[in-house]
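Working notes, beginning with the structure itself.
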Amino acid sequence: MRFSAESIISKSRIYLVALLSILFIGVVVEWRELSRVQTDITRLAARATPLLTTVADLPDLEHELRNVAQSIPALRSEAELDAASDAVASITDRLARLVARAELSPGLPYLAHDLRKLLRTQKRVLAAEARIDARIADARASLDDMVRVLLPLHDTEMRFLLRPPQAIVDPAQRRARIGEAVLVSEMKASVTELSILLGGFHPAARRAGDFAKAELLAEIGAFATRMARLQPGPLQQGLARDLKRFRDAMIGAGGAVETAALLRDMRETRARAVGAVARHVDQVGIELGRASLASATAFETAAQGTADTLRKVLLLKLAMTLGLVMAAAGVLWFFIQKSILVRLAAITEHVRRIAAGDLSEPVPVTGADEIGAIERVVDQSRTMAKALRRTNDELERFSYVAAHDLRSPLRAVADLVEWTKEDYGADLPQGARDNLDMIGNRVRRLSGHLSGLLEYARIGQTGQGQAIFDLTAFAEELRAVFVDAAQFDIVLQDAPVPFLTRPVPVKTILLNLVSNAIKHHDHGRGRIVIACVDTADGLDISVSDDGPGIAPEYHDRIFELFQTLRARDEIEASGMGLALVRKLAATLDGAITVASDPAQARGTTFTLHLPRQPAQTEQPAPQTLDIPQRQGDLAA
Amino acid sequence: MTPKPPVTFLVVDDDDVAVMAIRRVVKKLRLTNPIERAVDGRDALDRLRDTGEEAVGRPFIILLDLNMPRMNGLEFLAELREDIELANSVVFVMTTSDSPRDIAAAYDHKIAGYIVKESAYDTFAAAMDMLQTYTEIVSFSLDLPASSAA
């Protein structure tokens with residue numbers, strides 16, 4: 001099939017293509033947004049990975065830093081110091097890398113500086129301790145030398161004093177020797193005292209310096225005083241030299257006491273350095289923590305941003321879909337509304353008006369599509385109905401006028417014939433009187449035809465009211481009407497339920513059918529059966545007789561105007577009855593059918609089929625479009 | 001007291017035979033009423049309004065046909081009912097038309113009866129019988145103002 005460019009189908013194709021294009025654009029936009037989200041997520045992962053590594057490394061590194069800082073003061077050897085130095089370098093390296101990677105800037109230079117300072121201080125502490133040890137060893141050696149000199153001397157003096165007194169000749173010598181022995185003992189005691197002082201010297205002890213120095217000075221002074229009492233000689237000189245060595249080692253410039261004081265300062269410095277490192281490590285930890293927190297926040301922000309973007313995409317998609325659906329629905333509705341519904345409503349209105357009999361308003365053709373075609377066809381049927389109505393009106397007018405205009409002269413002719421017979425009948429010969437009778441008879445027949453024509457033309461003009469029709473009661477009426485034909489039994493089969501219909505045409509039809517059955521019966525007596533059968537699509541009312549029957553070849557002809565099957569003179573029949581019946585059946589939307597075959601059996605059955613009454617509508621029946629709708633339905 | 005003047009029948013019909021028929025019936029019923037005739041509605045109106053020689057004798061009953069040249073029955077009725085002098089005239093329609101449309105239209109103009117000239121003599125005679133009754137009523141009602149004036 002081909003459709004013009006304006007047809008509904010081609011229009012809907014255009015709409016479909018437009019909708020698909022919108023859909024495609026929507027998908028492209030959505031895909032672009034989703035790609036952006038993917039990029040965002042990749043970037044986020046790239047940023048998050050080192051951050052997470054950093055956060056994992058951080059406690060280890062801090063722990064190591066603290067360990068190193070704690071261990072340094074306990075280091076004793078150069079080798080250990082070197083190892084610690086390497087460890088510090090490695091740790092600071094890692095820290096630097098970490099800080100660089102995590103984009104942090106804690107006080108790393110200070111930490112490295114403090115660590116190096118700590119190492120340096122430790123080195124100096126070690127040096128100082130070594131020096132103190134050396135000095136003390138020196139002092140101990142000088143004390144040893146003094147003991148080595150003093151002990152033999154003391155032995156000699158003691159042995160001399162322990163000799164029997166008779167061996168001592170000279171008492172002066174003896175006194176001198178006793179004095180000498182006391183001095184030696186005292187010097188020995190001084191050395192012992194110095195040894196005790198030396199042994200008690202502890203470089204780490206607080207305030208050791210000044211206290212030790214004073215005690216040492218006092219003891220050295222005492223020893224020097226006793227030594228001065230010695231006779232000058234090599235012994236005294238040796239002892240003096242040793243004492244000087246001791247004194248220099250202990251309290252001289254760069255001696256043990258002075259070095260110990262320095263060592264104490266160094267140790268304090270070292271403790272401060274350890275404290276500083278610890279503080280720095282703490283700070284680094286805090287900084288790193290803060291940094292990781294900041295990173296986590298950044299990560300969260302980024303994730304939040306991604307989620308926002310995703311939500312935006314989702315909302316966009318939702319809005320797009322919604323908008324698309326609404327647009328589609330709107331377009332569809334507009335399309336349906338504009339091109340179908342409104343026009344259909346207009347067509348319906350026109351059809352309703354036409355059905356109600358108003359044919360004046362033309363149906364506008366609003367398009368070249370299918371509905372336009374319907375409109376054109378509806379208008380054509382309106383024009384046709386108008387022409388048909390005009391023809392019918394004219395026909396009716398014609399038959400009315402003709403019947404009346406013909407009737408008056410006919411009436412006059414009948415009157416004149418009658419008067420002629422009345423006035424001059426006696427004077428006329430028999431032949432003339434017979435002729436006058438025949439003229440009167442033909443005039444009556446013509447009058448009857450005219451009456452029939454009038455009645456036929458008038459069908460549909462009156463008697464349209466609906467009412468309940470009781471066939472049982474009407475059968476009684478029929479018997480009363482045909483009381484003259486008492487030889488005919490009019491029988492009603494069963495007892496039909498009264499039904500709603502237009503009684504006037506139904507009664508006229510039945511009257512005509514019964515009248516026909518009586519009029520055309522060849523025996524002059526018979527049985528006429530009226531039956532009413534409820535069928536699927538309505539009611540079938542039949543009138544059956546036991547007359548001669550009608551041959552099938554005449555079944556069509558009997559319903560035509562002025563058609564009779566027998567000579568007029570044989571039976572007075574207008575030939576109007578069945579034509580009237582058929583037209584009346586058509587006004588009831590029904591049909592009349594005949595069933596008869598004299599070759600098989602006597603009798604004829606006419607069946608009036610009435611359609612089932614729709615719910616009682618007060619629609620006036622169309623007056624002029626009486627076209628029989630169904631023929632057929634031949635009841636047995 | 002003067003004797004009642006007989007009611008005049010004014011037959012309005014273009015067909016002579018129709019007039020003849022009325023005359024025959026009147027004669028057959030031995031009525032003495034004068035019968036006057038107009039050929040159509042126009043002629044009837046002229047005669048009714050004329051006060052000279054051609055004046056229709058009072059009181060009168062109009063027997064009206066519907067199908068006539070110049071002015072038909074219905075047009076005549078319409079004009080008659082507009083005329084103050086003639087508005088109350090008694091009119092019987094006698095016609096061959098048994099069309100319900102015609103009957104309804106005629107009764108709209110307040111006619112006294114509608115007689116279909118269908119059946120032959122019998123119906124017609126019965127109709128004339130009815131007319132007879134009417135003529136008495138018409139003449140009696142006309143009598144009243146005359147006697148009160150006297």
Side-chain angles (χ1 to χ4, degrees), chain A residues 392-393 395-425 436-437 439-465 504-505 508 574 576 580 623-624, chain B residues 11-30 35 37-41 63-70 72-75 92-108 114-128:
Chain A
N392 265 346
D393 284 351
L395 202 65
E396 239 165 85
R397 208 157 30 241
F398 167 77
S399 56
Y400 169 80
V401 169
H404 284 90
D405 287 355
L406 290 177
R407 226 185 201 178
S408 295
L410 210 57
R411 179 79 250 145
V413 170
D415 284 349
L416 289 170
V417 167
E418 199 63 33
W419 299 337
T420 306
K421 283 199 289 182
E422 270 178 34
D423 296 351
Y424 315 107
L436 282 178
D437 281 347
I439 290 173
N441 176 277
R442 295 305 185 274
V443 165
R444 265 198 299 283
R445 188 185 296 166
L446 188 51
S447 182
H449 282 178
L450 287 174
S451 296
L453 259 184
L454 263 182
E455 203 178 334
Y456 186 79
R458 265 183 218 146
I459 288 174
Q461 293 180 355
T462 53
Q464 298 299 334
V504 175
T508 312
S574 66
M576 289 295 301
L580 199 74
Q623 295 195 350
T624 54
Chain B
V11 182
V12 187
D13 201 323
D14 58 327
D15 191 346
D16 294 338
V17 181
V19 185
M20 280 169 68
I22 289 166
R23 286 189 197 283
R24 280 183 77 93
V25 171
V26 168
K27 194 170 146 195
K28 215 171 243 182
L29 294 172
R30 298 177 205 287
I35 294 175
R37 190 235 175 148
V39 291
D40 56 31
L63 301 179
L64 180 68
D65 186 23
L66 291 182
N67 285 340
M68 288 178 296
R70 292 212 296 177
N72 69 26
L74 294 175
E75 289 164 345
F92 280 83
V93 172
M94 294 185 82
T95 178
T96 47
S97 168
D98 57 352
S99 156
R101 218 182 324 176
D102 284 344
I103 297 171
Y107 272 106
D108 276 350
Y114 192 103
I115 301 156
V116 180
K117 293 191 282 184
E118 188 181 7
S119 47
Y121 175 79
D122 292 343
T123 325
F124 201 54
M128 287 311 286

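Any value given below was found using the heavy atoms of this structure, including those in side chains, with hydrogens, waters and symmetry copies removed. By convention in this document, chain letters (A, B, ...) are assigned in the order of the sequence lines, proteins followed by strands, and residues within each chain are numbered from 1. From a predicted model like this one, the values you see are computed outputs, not experimental measurements.
Residue contact with chain B, scored on non-hydrogen atoms closer than 4.5 Å, is absent for A/Ala414.
No option in A/Ser447, A/Pro409, A/Ser408 other than A/Ser408 meets the side chain to side chain contact (heavy atoms under 4.5 Å, CB included) test with B/Thr96.
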Evaluate side chain to side chain contact (heavy atoms under 4.5 Å, CB included) for B/Val17 paired with A/Arg411, printing each intermediate quantity in order.
-> CA-CA 9 Å; B/Val17 181; A/Arg411 179 79 250 145; over 6 Å; no

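Crowding of B/Tyr107 atom OH: a count of heavy atoms from other residues, nucleotides or ligands under 6.0 Å exceeding 12.
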